[in-house]
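Notes follow the structure.
Small disclaimer: the values here were computed from a predicted structure and weren't measured.
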Amino acid sequence: MDLATLIGLVGAAVLVGAAVILGTSPEVFMNPTGLLLVVGGSLFVVLAKFSITQFKFAFKAAARAFKFQLPNVQESIEELVELSKVARREGMIALENKEVNSPFLAKGLQMLADGYSAELIKEMMEKERLLSLERNEAGGRVFSALGEVSPAMGMIGTLVGLVQMLANMGDPSLIGPAMAVALLTTLYGAMIGTMIANPIADKLWVRMQQEAKMQQLWIDALLAIKSDKNPRVLEQMLTIYVPPERRGASNDDEKSPVGERT
């Protein structure tokens with residue numbers, strides 16, 4: 001579980017909720033018509049921008065903003081060094097039976113065991129990496145679009161409410177509900193965009209970059225194993241993926257995945 005995402009979103013929601021509760025009755029801020037207009041309208045507009053498959057995948061990918069864990073960098077390097085030793089000692093075919101957590105790495109090991117050339121391994125694994133990036137990027141684009149559309153739908157709701165209010169100036173009982181729609185739709189749109197859509201989109205971009213760097217680390221390791229590089233040389237090669245301030249740190253201290261921001 002990514003505590004930063006959870007704490008950030010929950011913390012923002014708690015502060016807004018506290019301001020609502022301490023200021024006046026929470027019921028004042030509940031307007032089903034405005035909420036339906038902003039939420040439903042935003043989702044339909046975003047759907048129009050993408051395919052149904054991309055739209056559905058984006059909400060599945062949103063879970064990555066809350067629960068996503070790449071292998072520990074240092075532990076992954078140590079695992080790759082051990083695989084290199086096995087390949088030198090027992091041959092590439094021995095890598096076929098090795099279990100690893102990443103399907104991406106497992107595919108590369110299978111290619112080594114099957115005797116693929118270094119050029120073909122690099123070509124196929126790079127294509128796999130780019131396709132993975134493309135799939136993950138789609139989720140980020142959908143939530144970025146939602147962050148742009150929801151405030152605009154809030155403004156549309158505001159205009160609708162103002163038109164209704166002006167059209168019913170002769171009936172004071174209708175002015176209040178129309179004004180509520182006008183103001184609350186702007187609030188709903190701003191909250192959806194600022195507190196939900198944009199943070200999730202940004203976190204998905206971070207996750208994508210982290211995964212891309214980890215996959216590049218695996219590709220470099222696979223090519224080094226294929227070229228029969230000394231395990232110690234391989235370890236030195238892969239150390240570049242460890243942040244400079246953490247190089248030489250103990251395994252217990254090395255907790256950051258590739259590309260993690262502090």
Distance col, row Leu15:CG vs Met195:CE, nearest 0.5 angstrom, shows 8.5 Å
**Report entry** Sidechain-backbone polar pair: Ser144 side chain, Ala201 backbone, donor-acceptor under 3.5 Å
**Finding:** no
Would Lys127 and Glu123 count as a side-chain contact (heavy atoms from CB on, under 4.5 Å) if you check the C-alpha gap in whole Å, the side-chain angles of each, and the deciding distance to 0.1 Å? CA-CA 6 Å; Lys127 286 182 179 179; Glu123 179 181 354; 3.5 Å; yes
Side-chain contact test, heavy atoms from C-beta onward, threshold under 4.5 Å: evaluate it for Lys98 versus Glu82 and give yes or no.
no
Checklist line | ILVMFWY cluster, Met155 and Tyr188 together (side-chain gap under 4.5 Å) | finding: no
Check your understanding: Side chains of Asn198 and Phe143: closer than 4.5 Å at any heavy-atom pair?
Key -> no
Check your understanding: Side chain of Gln209, backbone of Val206: donor and acceptor closer than 3.5 Å?
Key -> no
More than 12 heavy atoms of other residues, nucleotides or ligands under 6.0 Å from CZ of Phe59: is that the case?
yes
| request: Flag the pair Leu223 / Lys229 as yes when at least one side-chain heavy-atom distance between them is below 4.5 Å, and no otherwise. | output: no
Surrounding CG of Leu166 (heavy atoms of other residues, nucleotides or ligands, distance under 6.0 Å), is the total greater than 12?
yes
task: Establish whether Met153 and Phe50 are linked, either directly or via other cluster members, by ILVMFWY side-chain heavy-atom contacts under 4.5 Å.
output: yes
(request) Just do the side-chain contact (heavy atoms from CB on, under 4.5 Å) check on Asn230 and Arg88 with the steps written out, would you? (result) CA-CA 9 Å; Asn230 186 288; Arg88 296 192 102 198; 3.6 Å; yes
Taken to the nearest 0.5 Å, the spacing of Met125 CE from Gln216 CD works out to 10.5 Å
With a 4.5 Å limit on heavy-atom distance, are the side chains of Glu137 and Arg141 in contact? yes
Separation between CG (Leu183) and CE (Met165), nearest 0.5 Å, reads 8.5 Å
(message) Keeping Asp114 on the side-chain end and Tyr116 on the backbone end, is there a donor-acceptor pair under 3.5 Å?
(response) no
Decide side-chain contact (heavy atoms from CB on, under 4.5 Å) for Leu234 and Ile225; before the verdict, give the C-alpha distance in whole Å, the side-chain angles of both, and the deciding distance to 0.1 Å. CA-CA 8 Å; Leu234 172 63; Ile225 293 174; 4.2 Å; yes
message = When you group the ILVMFWY residues by side-chain heavy-atom contacts below 4.5 Å and let the links chain together, are Trp205 and Ile200 in the same group?
response = no
Looking at side-chain heavy atoms only, is the closest gap between Trp218 and Ser102 below 4.5 Å? yes
Exercise. According to a 4.5 Å side-chain heavy-atom criterion applied to Ile, Leu, Val, Met, Phe, Trp and Tyr, with indirect links allowed, do Met237 and Ile219 form part of one hydrophobic cluster?
Worked result: no
Taken to the nearest 0.5 Å, the spacing of Leu146 CG from Leu43 CG works out to 6.5 Å
query = Is the shortest distance from a Lys or Arg side-chain nitrogen in Glu119 or Lys122 to a carboxylate oxygen in the other one below 4.0 Å?
reply = no
Review point. If two hydrophobic side chains count as joined below 4.5 Å and joins carry through other members, does Leu109 share a cluster with Leu120?
Key: yes
message = Please evaluate residues Arg232 and Glu235 with respect to the criterion salt bridge (Lys or Arg N to Asp or Glu O under 4.0 Å), reporting the C-alpha separation (whole Å), side-chain torsions for both, the decisive distance (0.1 Å), and the verdict.
response = CA-CA 5 Å; Arg232 186 175 296 276; Glu235 183 175 13; 5.5 Å; no
Is there a side-chain contact between Tyr241 and Asp220, using heavy atoms and a 4.5 Å cut-off? yes
(Q) Check whether Thr186 reaches the backbone of Thr158 with its side chain - one donor and one acceptor, N or O, closer than 3.5 Å. (A) no
The reported gap from CE in Met111 to CG in Leu95 (rounded to nearest 0.5 angstrom) is 13.0 Å
Is there a side-chain contact (heavy atoms from CB on, under 4.5 Å) between Arg129 and Phe104? Walk through the geometry before answering. CA-CA 8 Å; Arg129 187 174 78 92; Phe104 184 89; 4.3 Å; yes
Between Thr185 and Val38 the two heavy atoms that sit nearest each other are O-CG2, 3.6 Å
> With no hydrogens and no angle check, is any side-chain donor or acceptor of Ser84 less than 3.5 Å from a backbone partner on Leu80?
Replying inline: no
Heavy atoms of Val73 and Leu217 approach each other most closely as CG1-CD1, 4.5 Å
- Task: Would you check if Leu9 and Pro199 make a side-chain contact, meaning some heavy-atom pair closer than 4.5 Å?
- Result: yes
Using side-chain heavy atoms (C-beta onward) and a distance below 4.5 Å, is Leu105 in contact with Glu79? yes
Heavy-atom nearest pair, Gly108 first then Leu222, reads CA-CD1, 3.6 Å
Next on the checklist: Keeping Ser42 on the side-chain end and Val39 on the backbone end, is there a donor-acceptor pair under 3.5 Å?
Outcome noted: no
- Kindly determine whether Arg207 and Glu211 satisfy salt bridge (Lys or Arg N to Asp or Glu O under 4.0 Å), including the steps that lead there. CA-CA 6 Å; Arg207 295 286 184 254; Glu211 187 172 16; over 6 Å; no
